Structures are given as C-alpha cells and as structure tokens.
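To start, the structure under review is shown below, and the notes come after it.
Protein chains get the first letters and strands the later ones, always in sequence-line order, with residue 1 at the start of each. Nothing here was measured: the structure is a model prediction, and the numbers come from that model.
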2 protein chains.
Amino acid sequence: MLDQIDKTLLSNLQADSRFSAQELGELCGLSASQVSRRRQRLEADGLIRGYTAKLDPQRVGLAIQAFVQVQMAKHGTEPAGDFARLVELRPEITSVWTLTGEADYLLRVYCADLEELNHLVQNVLLAHPHVARVQSQIVMSQLKQDAQLPL
Amino acid sequence: MLDQIDKTLLSNLQADSRFSAQELGELCGLSASQVSRRRQRLEADGLIRGYTAKLDPQRVGLAIQAFVQVQMAKHGTEPAGDFARLVELRPEITSVWTLTGEADYLLRVYCADLEELNHLVQNVLLAHPHVARVQSQIVMSQLKQDAQLPL
DNA sequence: GGTGAAATCTACCTAGG
DNA sequence: CCTAGGTAGATTTCACC
C-alpha cells in the first residue's frame, strides 16, 4: 500500500515532474537517494505510468474542445471492435469512455475550428456503418482544468 | 507560429517528458543545444504549461471514475462564483466544464468507491443551495485514455 | 542515509545563410 | 541579423557502500 510519503511524492510529481530528487526530498522529509529509490519502485509497480508535458490547447491552435456522445445502431462485439479501431486512428479524439446510462460512447475531442469538428461528426462518425446518432456539446469554459488525482 | 520541428518536439514531450535534449535532437533532426533553446522558448511562450507524472487511477486506489452533470436552480454571477469555489475545494473533482446544451456543468470525478461518489453527489453537490439537479454516469470502460493533443 | 562516477543541462562562443 | 552546432562548468542521477 501507499504510505504518506508515497502520497506526497506522487502529489508533487503530478504537480511538477521536473522536481529533482533533492527538491522532492526536502518536500517530503527524505534524502535524495531514498526519493530515487521510491520513485523507481512507483514506476516499476505501474503507479506512475509515465511523464508528460502539459500543453495549452489554445496556444497550440486547438480552439475547440467538445464532448461527443455516440449511439450505435446495433450492439455486439463486431461493431464495438470496429469503432475502437476508428477512434484509435483519429488523433483529434483524445479520450473515449463507455458510461452507465443512455449513450454508448462519450468522446473527448480537440479541433482547430468548428469546421474540423463538423467534419469529424459528419464524415467520420456518422459515416461509420454502425453509428446511429451523434450529439456534440462544445466546451464553453473550463472552471477547473485536469487537476491532480486526489491521493 | 509553430514549425514542423516545434510540432515534433511538442509531440515527443507529450509522449515522454523525460527525453533528454540529445534524444529529442535525434528524433527531430537537431542538435541538443538547439532543442534546449526551442524548449525554453515554448515554455516561456506558455505553449508548454508544465510537466506532470501520469498516474494509474486504479493502482493509486481510485476505482471509480464518473461524469456528473449539474443543473443550477437560478442562473447568475453569484451562484456561479459560489459553485466555482465549491468545486475548487474538492480534490475528487478534477475537471469542470460548461457546455452548450442542457446541463449547466459537467464534472469529471475520481473516487475510491461508490460510497464516496454518493457522498459527493448527496452531501456536497445536492447540499449546495443553488444546485437543482445532479445526474452521475459512471465510467464502465475507457477505450482511449487521455491521448496526446493532435499537432 | 551517504558518496562518487557517469550522464545531462545550459550558458556562452563560433560559424554559416 | 537570425538560426544552428560545439564546448565546458555546474547540476543531477544512480549504483554501490
């Protein structure tokens, strides 16, 4: 299990993965060498999946964020695998979930403009043989932005 | 604007922010010193907002992910600011969006178990004076997981 | 928890279009 | 004048004690 030091470590690495082992040690009351060892363990155990740069979507030219709900015409393993391959191919679809409730899939999408979003909905999603209905909701504002996981 | 090298750089830093300047240089056909300079510029210009560790929600004990739609009783600036403070205080609410369409807010939530999610819905969100209706949908599976932003 | 060799970063300098 | 590449001092990491 995770002890308090692990939690502090993970929390700080979520906040900024560029902290040096020395800085992390000061933040959680440990020596740099112990921090290194713990971090290696957390990586090996798969609690830390990797390290990534957070980009500003606006500034990299992605003005439109949207959530797209997709309903399938028929259910079954074959349409599902087919759809999974489709979303894997489209880089503007960054996340896909299946939820309890009405819609079959919820997609998170980043696009340069409305035209690109429309193209995705009309010519990619609705063009798919098993897709019955697509409803997109555009993000108007983001009050809280991909905050840390609570530990 | 972003040239092709910047895009390659950002893409690789999204994939793994621990690439050394040397490795990045090989990946985009540049010397390590130039990679450093470009990265500093991208950071200073705010295209890179920071560096973070990606955690595995399951393994850090967050078994439940959900999307929660919240509708307010009355609209206006005062209830909105009030609600913004509420979501800021709750670490299990990691993202909050306002969308076009029916619901006022969409929340992304991580919880240890269903009980914790229920507590959030019943005793935190519905207890808020301006909240009229709350509908939560639990994530059953995730086909695509917080992929890179398309560049 | 501490130490030292190896790797890495970054500021400065030089060269070319 | 702006962009690219090389070099050296300082910092960081990681295997070992």
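- For B:Glu23 and C:dT8, the CD to P distance is 7 Å, given to the nearest whole Å.
- The distance between atom CD of B:Glu26 and atom P of D:dG5, rounded to the nearest whole Å, is 13 Å.
- Side-chain contact between B:Val70 and B:Arg133 is absent, with no heavy-atom pair separated by less than 4.5 Å.
- Within the 4.5 Å cutoff, the side chain of A:Gln145 has heavy atoms near those of the B:Arg49 side chain.
- Panel note: side chain B:Gln137, backbone A:Thr100; a donor-acceptor pair is recorded below 3.5 Å.
- No side-chain heavy atom of B:Arg59 sits under 4.5 Å from any side-chain heavy atom of A:Asp45.
- With hydrogens and angles disregarded, no donor-acceptor distance shorter than 3.5 Å links the side chain of B:Ser136 to the backbone of B:Val68.
- Panel note: side chain A:Gln14, backbone B:Leu55; no donor-acceptor pair is recorded below 3.5 Å.
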Could you give the side-chain donor-acceptor pairs of residues 30-39 of chain A under 3.5 Å, partners two or more places apart or in another chain?
{"from": "A:Ser31", "atom 1": "OG", "to": "A:Ser33", "atom 2": "OG", "distance (Å)": "3.2"}
{"from": "A:Ser31", "atom 1": "OG", "to": "A:Gln34", "atom 2": "N", "distance (Å)": "3.4"}
{"from": "A:Arg38", "atom 1": "NH1", "to": "A:Asp3", "atom 2": "OD1", "distance (Å)": "3.1"}
{"from": "A:Arg38", "atom 1": "NH1", "to": "A:Asp3", "atom 2": "OD2", "distance (Å)": "3.0"}
{"from": "A:Arg38", "atom 1": "NH1", "to": "A:Asp6", "atom 2": "OD1", "distance (Å)": "3.1"}
{"from": "A:Arg38", "atom 1": "NH2", "to": "A:Asp3", "atom 2": "OD2", "distance (Å)": "3.4"}

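- In the region residues 30-51 of chain B, proximity to DNA chain C at under 4.0 angstrom, judged on heavy atoms, holds for B:Ser36, B:Arg37, B:Arg39, B:Gln40.
- Among pairs with a residue in residues 22-35 of chain A, none fulfils salt bridge (charged side-chain N to carboxylate O under 4.0 Å, His left out), at least two apart in sequence or across chains.
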Would you tabulate the side-chain donor-acceptor contacts of residues 111-121 of chain A under 3.5 Å, counting partners in other chains and residues two or more places apart, or write 'none'?
{"from": "A:Asp113", "atom 1": "OD1", "to": "A:Glu115", "atom 2": "N", "distance (Å)": "3.3"}
{"from": "A:Asp113", "atom 1": "OD1", "to": "A:Glu116", "atom 2": "N", "distance (Å)": "2.9"}
{"from": "A:Glu116", "atom 1": "OE1", "to": "A:Ala112", "atom 2": "N", "distance (Å)": "3.3"}

Distances for protein N/O vs nucleotides 14-17 of chain C N/O pairs under 3.5 angstrom?
none

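- When all heavy atoms of B:Arg18 and A:Ser17 are compared, the closest pair comes out as NH2-O, 3.9 Å.
- DNA chain C is contacted by B:Ser20 of residues 4-20 of chain B, taking any non-hydrogen atom closer than 4.0 Å.
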